[in-house]
Amino acid sequence: GMRALRLKFRNRPPALAALVRRTNNRAFSGTTTEKVQRRADFKELCAEDLSFFQEVIGQSNVITDASELEPMNKDWMHHYEGQSKIALCPETTEQLS
(Lines give C-alpha, C1' and ligand atoms only; values in the text may rest on other atoms or scores of the structure.)
Protein backbone atom coordinates (compact mmCIF):
# COMPACT_ATOMS: atom_id res chain seq x y z
CA GLY A 1 0.00 0.00 0.00
CA MET A 2 1.00 3.59 0.54
CA ARG A 3 3.27 2.65 3.46
CA ALA A 4 5.32 0.39 1.18
CA LEU A 5 5.48 3.16 -1.40
CA ARG A 6 6.72 5.62 1.22
CA LEU A 7 9.40 3.19 2.41
CA LYS A 8 10.47 2.42 -1.14
CA PHE A 9 10.99 6.09 -1.93
CA ARG A 10 12.37 7.18 1.44
CA ASN A 11 15.45 8.77 -0.17
CA ARG A 12 13.57 10.32 -3.07
CA PRO A 13 14.39 13.71 -4.60
CA PRO A 14 12.51 16.68 -3.06
CA ALA A 15 10.37 17.22 -6.20
CA LEU A 16 9.17 13.60 -6.12
CA ALA A 17 8.52 13.83 -2.39
CA ALA A 18 6.31 16.89 -2.95
CA LEU A 19 4.40 15.10 -5.73
CA VAL A 20 3.79 12.05 -3.52
CA ARG A 21 2.55 14.29 -0.68
CA ARG A 22 0.09 16.04 -3.03
CA THR A 23 -1.06 12.72 -4.52
CA ASN A 24 -1.57 11.09 -1.12
CA ASN A 25 -4.29 13.61 -0.31
CA ARG A 26 -6.40 12.82 -3.38
CA ALA A 27 -9.01 10.15 -3.88
CA PHE A 28 -8.61 8.52 -7.27
CA SER A 29 -11.21 5.81 -6.84
CA GLY A 30 -14.95 5.77 -6.70
CA THR A 31 -17.62 6.28 -9.28
CA THR A 32 -19.50 9.36 -10.25
CA THR A 33 -22.84 9.68 -11.95
CA GLU A 34 -22.89 13.44 -11.51
CA LYS A 35 -23.88 15.21 -14.71
CA VAL A 36 -21.46 17.95 -15.63
CA GLN A 37 -23.08 21.20 -16.62
CA ARG A 38 -22.35 22.07 -20.23
CA ARG A 39 -20.92 25.52 -20.84
CA ALA A 40 -23.48 27.79 -22.44
CA ASP A 41 -21.00 29.04 -25.04
CA PHE A 42 -20.52 25.51 -26.46
CA LYS A 43 -22.60 24.63 -29.47
CA GLU A 44 -25.27 21.95 -29.23
CA LEU A 45 -25.21 19.15 -31.81
CA CYS A 46 -27.86 19.71 -34.47
CA ALA A 47 -29.20 17.95 -37.58
CA GLU A 48 -26.99 20.09 -39.84
CA ASP A 49 -23.89 18.84 -37.98
CA LEU A 50 -24.98 15.21 -38.36
CA SER A 51 -25.62 15.69 -42.09
CA PHE A 52 -22.20 17.28 -42.56
CA PHE A 53 -20.38 14.47 -40.73
CA GLN A 54 -22.31 11.79 -42.63
CA GLU A 55 -21.44 13.49 -45.92
CA VAL A 56 -17.73 13.68 -45.08
CA ILE A 57 -17.11 10.27 -43.49
CA GLY A 58 -20.17 8.24 -44.46
CA GLN A 59 -23.33 7.45 -42.55
CA SER A 60 -22.00 4.13 -41.23
CA ASN A 61 -19.06 5.95 -39.62
CA VAL A 62 -21.24 8.32 -37.59
CA ILE A 63 -22.50 6.68 -34.40
CA THR A 64 -25.48 8.23 -32.64
CA ASP A 65 -27.15 5.17 -31.10
CA ALA A 66 -27.07 5.49 -27.29
CA SER A 67 -26.37 1.78 -26.73
CA GLU A 68 -23.33 1.95 -29.03
CA LEU A 69 -22.11 5.19 -27.43
CA GLU A 70 -22.41 3.89 -23.86
CA PRO A 71 -19.05 2.04 -23.75
CA MET A 72 -17.36 4.95 -25.55
CA ASN A 73 -18.60 7.36 -22.89
CA LYS A 74 -16.89 5.52 -20.02
CA ASP A 75 -13.30 5.85 -18.94
CA TRP A 76 -11.08 2.78 -18.99
CA MET A 77 -11.67 2.09 -15.29
CA HIS A 78 -15.46 2.62 -15.61
CA HIS A 79 -15.45 5.32 -12.93
CA TYR A 80 -16.55 8.28 -15.02
CA GLU A 81 -19.21 8.59 -17.66
CA GLY A 82 -19.26 11.13 -20.47
CA GLN A 83 -22.24 12.63 -22.23
CA SER A 84 -21.25 12.45 -25.90
CA LYS A 85 -24.15 12.19 -28.31
CA ILE A 86 -22.02 11.25 -31.32
CA ALA A 87 -18.87 9.32 -32.19
CA LEU A 88 -17.04 9.82 -35.46
CA CYS A 89 -15.07 6.90 -36.89
CA PRO A 90 -13.24 8.07 -40.01
CA GLU A 91 -11.60 5.38 -42.10
CA THR A 92 -9.00 7.43 -43.94
CA THR A 93 -6.68 10.35 -43.30
CA GLU A 94 -8.48 12.26 -46.06
CA GLN A 95 -11.68 12.12 -44.02
CA LEU A 96 -9.84 13.78 -41.15
CA SER A 97 -8.57 16.68 -43.20
Side-chain angles (χ1 to χ4, degrees):
M2 288 307 295
R3 181 174 173 81
L5 182 64
R6 287 186 189 116
L7 293 174
K8 182 177 179 182
F9 293 106
R10 177 166 279 175
N11 296 322
R12 59 189 166 232
L16 180 58
L19 175 64
V20 170
R21 275 195 302 278
R22 285 193 306 267
T23 304
N24 287 345
N25 295 328
R26 294 189 186 141
F28 289 105
S29 62
T31 59
T32 180
T33 56
E34 178 182 321
K35 292 287 183 184
V36 177
Q37 285 294 84
R38 183 177 181 84
R39 285 180 33 184
D41 58 333
F42 284 172
K43 185 177 188 280
E44 291 286 329
L45 186 66
C46 67
E48 288 176 1
D49 299 324
L50 286 174
S51 295
F52 173 77
F53 294 137
Q54 290 170 345
E55 180 182 316
V56 173
I57 65 173
Q59 186 170 0
S60 63
N61 296 328
V62 177
I63 301 170
T64 57
D65 181 70
S67 62
E68 290 182 63
L69 289 169
E70 186 178 350
M72 296 179 196
N73 272 322
K74 291 188 179 177
D75 72 319
W76 67 279
M77 293 180 61
H78 301 281
H79 288 203
Y80 301 98
E81 188 171 335
Q83 302 173 35
S84 295
K85 305 287 186 228
I86 187 172
L88 305 176
C89 306
E91 295 177 344
T92 66
T93 55
E94 288 80 23
Q95 291 176 339
L96 290 174
S97 61

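Computed over heavy atoms, backbone and side chain alike; hydrogens, waters and symmetry mates excluded.
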Inset, instruction - Work out which heavy atom in Leu69 is nearest to a heavy atom in Ser84; give both atom names and the distance. - result: CD1-O, 3.8 Å

Legend entry - Residue pair Ile63 / Met72, side-chain heavy-atom distance below 4.5 Å: yes

Legend entry - Reported CG-to-CD distance for the pair Asn61 and Glu91, which is rounded to 0.5 angstrom: 4.0 Å

Legend entry - Between CD on residue Gln54 and CD on residue Gln59, distance to nearest 0.5 Å: 4.5 Å

Legend entry - Euclidean distance, Lys85 NZ relative to Glu44 CD, rounded to 0.5 Å: 8.5 Å

Legend entry - Over 12 foreign heavy atoms within 6.0 Å of CD, Glu48: no

Inset, instruction - Might you point out which heavy atoms bring Ile86 and Phe53 nearest each other, and give the distance in Å? - result: CD1-CD1, 3.7 Å

Legend entry - Side-chain heavy-atom pair Leu88, Gln95 within 4.5 angstrom cut-off: no

Legend entry - Expected output: side-chain Asp75 to main-chain Tyr80 donor-acceptor under 3.5 Å: yes

Inset, instruction - Grab the two heavy atoms, one from Leu96 and one from Pro90, that are nearest each other, plus how far apart they are. - result: CD2-CG, 3.3 Å

Inset, instruction - Identify the two heavy atoms, one from Lys43 and one from Asp49, that lie closest to each other, and give their separation to 0.1 Å. - result: NZ-OD2, 2.7 Å

